[in-house]
Undergrad: 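Here it is, the structure in full.
Just so we're clear, the structure is a prediction, and the values are computed from it rather than from any experiment.
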Amino acid sequence: MFERSFIETHLDSVNWWSLETCQTKYAPREEPHDLRAAFLNLFSPDPALRKAGHGKLENNIVVQGYLYPASREIMSVLCAAIRPSPMQATAEALDLLFELAAGHEETGDIAALCLEEILSIKSHLVAIADQNQDETARLAIDILAFHSAEVSSLREFVRREFESGKLVAYEARLREDGVLA
């Protein structure tokens, strides 16, 4: 799957001890290497490890749609991991990306940053959706469609990609979501 050394380089830039998660806010502090390992597991060839990694991160950084401050760092690293190798993104990584993209919080700062990150990988999400016919493709379309309703530049980007012959397999879905007129 992903080149671990590339992901680990980005993970090394995160101060894992300073991340505020659901667990650190309401319970004793977890060891930071647990979240780091969970992130690496998102890209494991082992489905059980991917599922466990997703669950660990989901239960710490985005709980019932609420984004915790750690979401900002995880979103940035997640997008950095997807950029060089979008075709190797796992369903678990994209599902977490969708949850972060669709999340909310009190101030709006974290959600705004998550949207910026989504916009920075929009062409990668199109490539994933256009070149796959599996769960990863569906999740990539979900991410694009979710934000296209509120972000006109993303909606126009998706429309241009569709008009150029990409994403045609998702025409009905894009029309249903109002991305295509």
Side-chain angles (χ1 to χ4, degrees), residues 1-118 120-121 124-125 128-129 132-147:
M1 290 246 137
F2 274 86
E3 205 177 300
R4 278 196 175 300
S5 60
F6 176 80
I7 294 173
E8 287 175 332
T9 299
H10 287 282
L11 292 179
D12 289 343
S13 69
V14 176
N15 181 351
W16 295 93
W17 281 106
S18 69
L19 295 181
E20 185 181 325
T21 68
C22 175
Q23 299 301 318
T24 60
K25 189 169 183 173
Y26 299 109
R29 193 160 206 61
E30 289 194 51
E31 290 294 316
H33 64 271
D34 290 348
L35 292 179
R36 188 179 193 280
F39 188 93
L40 284 171
N41 286 341
L42 285 177
F43 301 98
S44 170
D46 181 343
L49 285 176
R50 288 195 309 267
K51 183 177 180 180
H54 178 276
K56 178 77 164 178
L57 288 167
E58 180 184 44
N59 288 323
N60 276 278
I61 63 170
V62 56
V63 179
Q64 296 181 345
Y66 184 82
L67 299 172
Y68 286 84
S71 301
R72 177 184 298 122
E73 293 290 335
I74 299 299
M75 178 65 129
S76 294
V77 176
L78 187 54
C79 289
I82 290 171
R83 274 185 202 99
S85 304
M87 292 307 114
Q88 295 181 33
T90 65
E92 293 80 4
L94 290 174
D95 185 66
L96 185 61
L97 189 68
F98 177 79
E99 289 184 53
L100 291 167
H104 58 86
E105 32 69 59
E106 294 167 10
T107 65
D109 296 343
I110 299 169
L113 176 76
C114 288
L115 176 57
E116 281 181 41
E117 290 289 347
I118 291 297
S120 78
I121 63 165
H124 300 85
L125 294 170
I128 291 167
N132 293 296
Q133 296 295 317
D134 60 8
E135 183 69 4
T136 59
R138 185 192 64 76
L139 286 162
I141 286 293
D142 285 349
I143 294 165
L144 290 167
F146 180 81
H147 282 297

Undergrad: Which heavy-atom pair separates Leu113 from Ser76 by the least distance, and what is that distance?
TA: CD2-OG, 4.2 Å
Undergrad: Can you tell me how far the CD atom of Glu92 sits from the CD atom of Glu58, to the nearest 0.5 Å?
TA: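 Nearest 0.5 Å value for the CD-CD distance: 11.5 Å.
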Undergrad: I'd like to check Leu94 versus Ile82 (side-chain heavy atoms, cut-off strictly below 4.5 Å). Are they in contact?
TA: yes
Undergrad: So which heavy atom on His147 is nearest to which on Ala101, and how close?
TA: NE2-O, 2.8 Å
Undergrad: Check Ala129 against Gln133 and note the closest heavy-atom contact, atom names and distance.
TA: O-NE2, 4.5 Å
Undergrad: Rounded to the nearest 0.5 Å, how far does CG of Asp109 lie from CG of Leu67?
TA: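 Taking CG in Leu67 and CG in Asp109, the distance rounds to 11.5 Å.
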Undergrad: Considering all heavy atoms of both residues, which atom of Pro47 and which atom of Pro45 are nearest to each other, and what is their separation?
TA: CD-O, 3.3 Å
Undergrad: Could you state the interatomic distance from NZ (Lys51) to CG (Asp95), rounded to the nearest 0.5 Å?
TA: 12.0 Å
Undergrad: Counting C-beta onward and ignoring hydrogens, is there a side-chain heavy-atom pair between Pro86 and Ile121 closer than 4.5 Å?
TA: no
Undergrad: Any side-chain heavy-atom pair from Thr136 and Thr90 closer than 4.5 angstrom?
TA: no
Undergrad: Classify the ring geometry between Tyr66 and Tyr68 as parallel (under 30°), tilted (30 to 60°) or perpendicular (over 60°).
TA: perpendicular
Undergrad: Report yes if some heavy atom in the side chain of Arg50 is under 4.5 Å from a heavy atom in the side chain of Asn41; otherwise report no.
TA: no
Undergrad: Contact between Asp34 and Asn60 at the side-chain level, heavy atoms closer than 4.5 Å - yes or no?
TA: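 No, side chains not in contact.
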Undergrad: Using every non-hydrogen atom in the two residues, find where Cys79 and Leu97 come nearest and quote the distance to one decimal.
TA: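 Closest approach of Cys79 to Leu97, heavy atoms only: SG-CD1, 3.8 Å.
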Undergrad: Could you grab the distance from atom CZ of Phe146 to atom CG of Leu115, nearest 0.5 Å is fine?
TA: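 Output value for this atom pair is 9.5 Å.
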Undergrad: I want to check something: taking the side chain as every heavy atom from C-beta on, are Leu100 and Leu96 in contact at a cut-off of under 4.5 Å?
TA: yes
Undergrad: Can you tell me how far the CZ atom of Arg83 sits from the CG atom of Leu78, to the nearest 0.5 Å?
TA: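 Between Arg83 CZ and Leu78 CG, I get 10.0 Å after rounding to 0.5 Å.
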Undergrad: Do Asp46 and Ser44 pass the side chain to side chain donor-acceptor pair (under 3.5 Å) test, and can you show the C-alpha distance, the side-chain angles, and the key distance before you say yes or no?
TA: CA-CA 5 Å; Asp46 181 343; Ser44 170; 5.3 Å; no
Undergrad: Heavy atoms only: give me the nearest Glu135-Ala91 pair and the separation to one decimal.
TA: CG-CB, 3.7 Å
Undergrad: Is the shortest heavy-atom distance from the side chain of Met87 to the side chain of Ile128 under 4.5 Å?
TA: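 They are in side-chain contact.
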Undergrad: Please tell me if the side chains of His54 and Glu99 come closer than 4.5 Å, counting only heavy atoms from C-beta onward.
TA: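 Yes. Closest side-chain heavy atoms under 4.5 Å.
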Undergrad: Enter the distance from Glu73:CD to Ile110:CD1 here, rounded to the nearest 0.5 Å.
TA: 10.5 Å
Undergrad: Would you say the side-chain atoms of Asn132 pair up with the backbone N or O of Asp134, donor to acceptor, closer than 3.5 Å?
TA: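 Side chain of Asn132 to backbone of Asp134: no pair is present.
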